[in-house]
Structures are given as C-alpha cells and as structure tokens.
Amino acid sequence: MSSYDYDLFVVGAGSGGVRAARMAAAKGVKVAVAEDLKLGGTCVNVGCVPKKLYVYASEYMQESEEGRGFGVSADKVSFDWATLRDNKISEISRLNNIYGNLLDNSGCERIKGRATITGPNSVSVNGKVMTAERILIAVGGWPYVPDIKGREHIITSNEVFDLESFPERIMVVGGGYIAIEFAGIFAGLGAHTELVYRGDLFLRGFDQEVREFTATEVARKGVNLNFNTDVESISKRDDGALDVRLSNGDIRVVDHILYATGRVPKTAGLGLEETGVKVNNKGAIVVNDHFQSSVPSIYALGDVIDRVQLTPVALAEAMSFVDQVYGSGEGQLPDYDLIPTAVFCQPNIGTLGLTEEQARARYDHIDVYVSDFRAMRHTMSGSEERTLMKLIVESSSDKIIGIHMVGADAGEILQGLAVAVVAGATKQDFDRTIGIHPTAAEEFVTMRQKSRS
C-alpha cells in the first residue's frame, strides 16, 4: 500500500492537466487535481473557444454586407454586444461542467484552490498539506503586461471578452497571433480599431511572404496598422476615455487599450524555488524528454514549459507523459517541427512546417510554389479580399517541407493537408491528386509552375 495520499497530484486543470489526470486515472492511478480558477484553463475560458466564437460574430457582420452582390440584403444589420457576451458566458459554463464531469467520471478527486509545492512529494491547498508519489505541474500561462505609466488602465485577453459595453474605439498592442485576431474581431464588429506594434511587421517567426500578405489584407479589413511604434503612457479622462501617448509623440483617444504582448508561465508563487525546481529566464519549468523537472518526482507540461503554447500540443504532451510513466513507457514526444497552426485573423492563416526562410537556411535546394488569387465568391461579393497559397518543396526528395495559406477556412483546409505532409507526401503526390472543383483548396493540387527555386 502506498505511503502517499495520491499516486499523482496534478496542479492545474487546463487542457493538459485534465487530459493527464483522466488518462492516468483510467489506468488505475489515484489522482487529485487542484485548480483555483475555472476548469478548462486558458483555452476554454479566455482563449481558443471564446475567441473563435467572437471571430464567428465578426464574420457574420462581414457576410451580411457581402451578400448584397448575390441579391441577399437586409434593411438594417445591427450588432448587440451583450447578446454575444452573455451567450458566450453560457457556452463556457456548459464546457466547464463537461470538464468537471469528465474528471469526476474518471475517478479523479477535484480540489478547488491554488496549490503550492511544499516539497518533492507534497503540496498545500487551502492550508492542507497532501502527499503524492509524483506531482505534475500544468498551470499554463498568464498575459504579460509591461510596466508603463498608466498600466492600470490596460485590459488583456483575460478581461476583453466580458466588457460591460462594446468599445467604439479600441487600440490593440502586440504583434503575435492574439493581437491580430482581436484586432480583426473588433474591426469586424464595427469598432474603430488600431494595432500598435514595436516591430517592423507582425507575426514574427511566420513566413515572410505570409506576414506581408496578411498585413495587406488586415489593413483592407479596416484595421489601422502602426509598426515601429510603441506606447509610452496611458492616462484616463474624466469621461472614461483614454489618452494613449505613442513613442512617435502622437496621442490617440480610445475607449479601451488591449495588450496582447505575449504570455508568461504562471509559475510565480508555486514554491518552485524553495523546492529546487529549475526554471529558465522566462519562468518556464525546465524539463527533459520525459517531462521531468530537476526534481525527479515533479513533472510539468503545457504552456508552463513554454515549448509550443498550443492546446493540442499540451494534450499530446499529456498523453506522452501518461504513457511514459504509467503505460508502456514508450510514449512518443510530439513532433514539434510539424505542428499545424491556425491564426484566426481575417482572412485566416494556416501553416505547417518550415517557412521559406527556414527552408533556405536548412536545405541546399528548394522549390517554391505560390498562388495569389481572388476567391470565386468575391468575384460577386464585391470584397477585394485575396487568398495566398504556398508550397515549399525540398528538391532532391520532392517532399513537402512547408505549406502555408492565408484565406477563408485556412485552418480547416490545412488540418486535412497536414495529415498528408506528416505522412511524408511529395509534390508528385499532390500533383496526382484530383482537385475538388470549384474550391479554393484545389489550388494546392493544381500548382505546377514554380515561383522560384
């Protein structure tokens, strides 16, 4: 009989923590899960799920205008923020209950409260100390806000979904996918939207051609882009409006300023230093290929280890952890080089594998195929939106090593193509696949002319 209260104590009930807890419990492991906020973590509560719901709302507004070219019109199209916000709250509550039921039905014990690590095999929650043979930290990340004058007036992705009223004027600060997505949401819903980024172009790390193309399309959708600019200070007027002073001396007046300047591992106050768990300069827990920290009985996965901050990656890491520790011991690590990713800006971005820049640095010879076109629906909708598709091929093997798209449903299209690319598909495989006509996706199997080599 074990001398510990639990075999596994999971700190954090986000996507990775819940998956690991459930899968371990299914193998007969005695598991407890502690969470001080809502079940489901960032993705369910203030990330992927509500964001996608708000993206849908902004797209409906756009489509109502585009329908006129097809003879579909309405006298007046209006938007009610409170309806969107409150229906979102109900949907997230439903998902929270599902996560709770999944944990309960798996046999896990749920504990409400913030856990701190008090030793290699002990945690404290609400003043009660419990022991476990292994501890798994899956607390995720938290929005980062720089220390500038007036930072108390800043909102983050934690608060933006539940604003009391819809802003007529909003400034989004940041250059990552969260910033681009929220800029598109608010512009699509009718707010005067401005994006400020200190770099020369957003989406650093993405394919350069994709970045440039996306900037053109995002601006076309009504987002005012300001690159090589930063916020120096924020002050509040008597009427509640905000004066935002930029580094170039300009002052903007907005109703809200949303900072999407990255997320940091939520490790503060966990007791890691006292326990001897090593973290890097970003606060992320350092782990080996078994998700084991510098303290052998303490493990970590998901955003808190800051490898790839994506929900499906946390799920894959959780499955690998459980199989390695409680299963066959052969749980494979996720292939971090081939992770399909979508950015739900407008239009969407879908990407997998190497950028053109990365491919040129890694291989001696590559072939690049690019198609830039106006989608069929927009020949009548009146929209000037364009679509970009791109294939990067390693010349000697003919293998697809990078695939990128900017356009409607890019995420949906790339998910299917990702299976082929992960399986080792070649350009010849794409060429001999018959396209589905008329679709935008067929362009990926009809590109024959190299754009450059």
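Sequential numbering from 1 along the given sequence is applied to the chain's residues.
Using a 4.0 Å cut-off between charged nitrogen and carboxylate oxygen, Asp306 and Arg263 do not count as a salt-bridge pair. Using a 4.0 Å cut-off between charged side-chain N and carboxylate O, Glu217 and Lys221 make no salt bridge.
With ring centers used as reference points, Phe344 lies 6.0 Å or more from Tyr56. Aromatic pair Phe227/Phe202: ring centres closer than 6.0 Å.
When every heavy atom of Gly119 is checked against every heavy atom of Ile135, the shortest pair comes out as O-CD1, 3.9 Å. Summarising the geometry of Trp81 relative to Phe79, their closest heavy-atom pair is CA-CZ, 3.6 Å, with the distance given to 0.1 Å. Pairing each heavy atom of Phe206 with each of Arg211, the nearest pair is O-CD, 3.5 Å.
From Leu246, atom CG reaches atom CG of Asn226 across 7.0 Å, with rounding to the nearest 0.5 Å. The line from OG of Ser93 to CG of Leu39 is 10.5 Å long, rounded to the nearest 0.5 Å. Residue Leu258 holds its CG atom at 9.0 Å from CD of Glu159, rounded to the nearest 0.5 Å. Atom NZ of residue Lys278 and atom CD1 of residue Ile298 lie 13.5 Å apart, to the nearest 0.5 angstrom. Between atom CD of residue Glu91 and atom CG of residue Leu53 there is a gap of 6.5 Å, rounded to the nearest 0.5 Å. Between the CD1 atom in Ile413 and the CE atom in Met405 there is a gap of 3.5 Å [rounded to 0.5 Å].
If you check the side chains of Asn121 and Thr131, you find no donor sitting under 3.5 Å from an acceptor. Side chain to side chain, Asn248 and Asn228 fail the donor-acceptor criterion of an N or O pair below 3.5 Å. Side-chain contact annotation: Thr216 with Arg386, donor-acceptor N/O pair under 3.5 Å absent.
The side-chain tip of Arg134 does not point at the ring of Phe321 from less than 6.0 angstrom away and within 45° of straight on.
Side-chain atoms of Thr193 never come within 3.5 Å of backbone atoms of Val223 as a donor-acceptor pair (strictly under, hydrogens ignored). Side-chain atoms of Thr341 come within 3.5 Å of backbone atoms of Ile339 as a donor-acceptor pair (strictly under, hydrogens ignored). In terms of modelled atom types and a separation under 3.5 Å, the side chain of Thr116 and the main chain of Gly271 share no donor-acceptor contact. Side-chain atoms of Asn348 come within 3.5 Å of backbone N or O of Cys345 as a donor-acceptor pair. Formation of a donor-acceptor pair under 3.5 Å by the Lys30 side chain with backbone atoms of Asp5 is found in this model.
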